[in-house]
Amino acid sequence: MLKGADFLTEGAAALARRVNIPEIVIGLTIVAAGTSAPELFVSLVSALKGTPDLAVGNVVGSNTMNCMLIVGCAAMVAPMTISRSTVKKDIPFAVGASVLLMLLALNNFLGRFDGILLLAGFVSFMVYSLRQAKNGQGDATTEEKQQNPWLSALYIVLGLVGLVIGSNLFVDHASSLALALGISEGVVGLTVVAGGTSLPELATSVVAARKGQSAIAIGNVIGSNVFNILLILGLTATISPLQIEGITTIDMAVMLISVTLVWLFSFTRYTVERWEGAALVGGYLVYLAWLIISL
């Protein structure tokens, strides 16, 4: 997992420098799409097998973990500097996606129309990200010795393969163990499966933060959250409508609060400090304790 994240970060950063695309855009698109692959696979298979709570819980749990545990851990490793454009444009998009999901799920059902609406939001996000790259907005890339583009592509592919295989092995065995213990699908999705499918984001963001590439780290998290809601749930609900039973309004609210906290922390000198990272991790542990007590 860690080596895969290392390869992915190296390849994405090198690719961003070579084609003069801001690292935040690479994080929001290529890296986010790659590290969201486990969530996509798990949610689609869960929906097709008739376990919608596992699919929705996977996304809601992953997004909460992304903002509280992953951003928190990455900030504790090294304070994360966040660009003005990310604070004012990218993170609000993730907040908006979370609000949209909460509104659509008020009737405990995500139908095909809801799925198409989410997919339309995803297309808008991609158009915005590509325009941001074309206009040269976001973080400026640093001048470093350029890597061969084929080697960069190979690093990205090897990184994604390692991340996907590692996370799938974890999820397969961990979810089987949890289900054998009689835990509900919703709680399994929010905890074990979300934790397993979020391992790529955790590994990638911590490695990127350690290397001083906070743009990739925060872009990976925000991009993954948007991908999880708009693309994964949008595609899943369009293919197989989801009846939600085990995911509560509280779970949805915690997901929204988590991304809002990251947004608020980002306004303080456009940096998520170590103490703010510790506060995010602490908040996630409290939520996890509440889930366990509620079993």
Could you see if [X] belongs to whatever hydrophobic cluster contains [Y]? Use Ile, Leu, Val, Met, Phe, Trp, Tyr and a side-chain cutoff under 4.5 Å.
X: Trp275; Y: Leu264; value: no
X: Leu230; Y: Phe113; value: no
X: Trp290; Y: Val254; value: yes
X: Met65; Y: Val286; value: no
X: Phe109; Y: Val59; value: no

Over all atoms of both residues, closest heavy-atom pair of [X] and [Y]:
X: Leu242; Y: Ala47; result: CD2-CB, 3.7 Å
X: Gly283; Y: Met68; result: C-CE, 3.5 Å
X: Leu280; Y: Cys67; result: CD1-O, 3.7 Å
X: Met80; Y: Ile218; result: CE-N, 3.7 Å
X: Ser62; Y: Ala194; result: N-CB, 3.4 Å

In sequence, state the C-alpha distance, the side-chain angles, and the governing distance for Leu256 and Val95, and then conclude on side-chain contact (heavy atoms from CB on, under 4.5 Å). CA-CA 7 Å; Leu256 177 58; Val95 173; 4.1 Å; yes

Just how far is it from atom [atom1] of [X] to atom [atom2] of [Y], taken to the nearest 0.5 Å?
X: Asn108; Y: Glu245; atom1: CG; atom2: CD; value: 8.5 Å
X: Phe267; Y: Ile82; atom1: CZ; atom2: CD1; value: 10.5 Å
X: Asp90; Y: Trp263; atom1: CG; atom2: CH2; value: 12.0 Å
X: Leu233; Y: Asp114; atom1: CG; atom2: CG; value: 10.5 Å
X: Ser258; Y: Tyr287; atom1: OG; atom2: OH; value: 9.5 Å
X: Phe265; Y: Leu261; atom1: CZ; atom2: CG; value: 5.0 Å

Where do Asp251 and Leu291 land on the side-chain contact (heavy atoms from CB on, under 4.5 Å) test, with the steps shown first? CA-CA 9 Å; Asp251 298 317; Leu291 283 177; 3.8 Å; yes

Is there a donor-acceptor contact under 3.5 Å from the side chain of [X] to the main chain of [Y]?
X: Asn63; Y: Asn225; answer: yes
X: Arg274; Y: Met76; answer: yes
X: Arg112; Y: Ser240; answer: no

For residues Val56 and Met252, determine if any side-chain heavy atom of one lies less than 4.5 Å from a side-chain heavy atom of the other.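 SC-SC contact between Val56 and Met252 confirmed.
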
Check the orientation of Phe125 and Phe227. Use parallel for under 30°, tilted for 30 to 60°, and perpendicular for over 60°.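 The rings of Phe125 and Phe227 stand perpendicular, inter-plane angle above 60°.
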
I'd like to know if the side chain of Ser43 pairs up with that of Asn58 as donor and acceptor (distance under 3.5 Å, no hydrogens or angles considered).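 Per modelled atom types, Ser43 and Asn58 side chains form a pair under 3.5 Å.
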
Report the C-alpha distance between Ile229 and Met255 in whole Å, list the side-chain angles of each, state the deciding distance to 0.1 Å, and finish with yes or no for side-chain contact (heavy atoms from CB on, under 4.5 Å). CA-CA 11 Å; Ile229 293 175; Met255 175 189 67; 4.3 Å; yes

Report the C-alpha distance between Lys88 and Tyr270 in whole Å, list the side-chain angles of each, state the deciding distance to 0.1 Å, and finish with yes or no for side-chain contact (heavy atoms from CB on, under 4.5 Å). CA-CA 10 Å; Lys88 293 187 175 181; Tyr270 295 100; 3.8 Å; yes

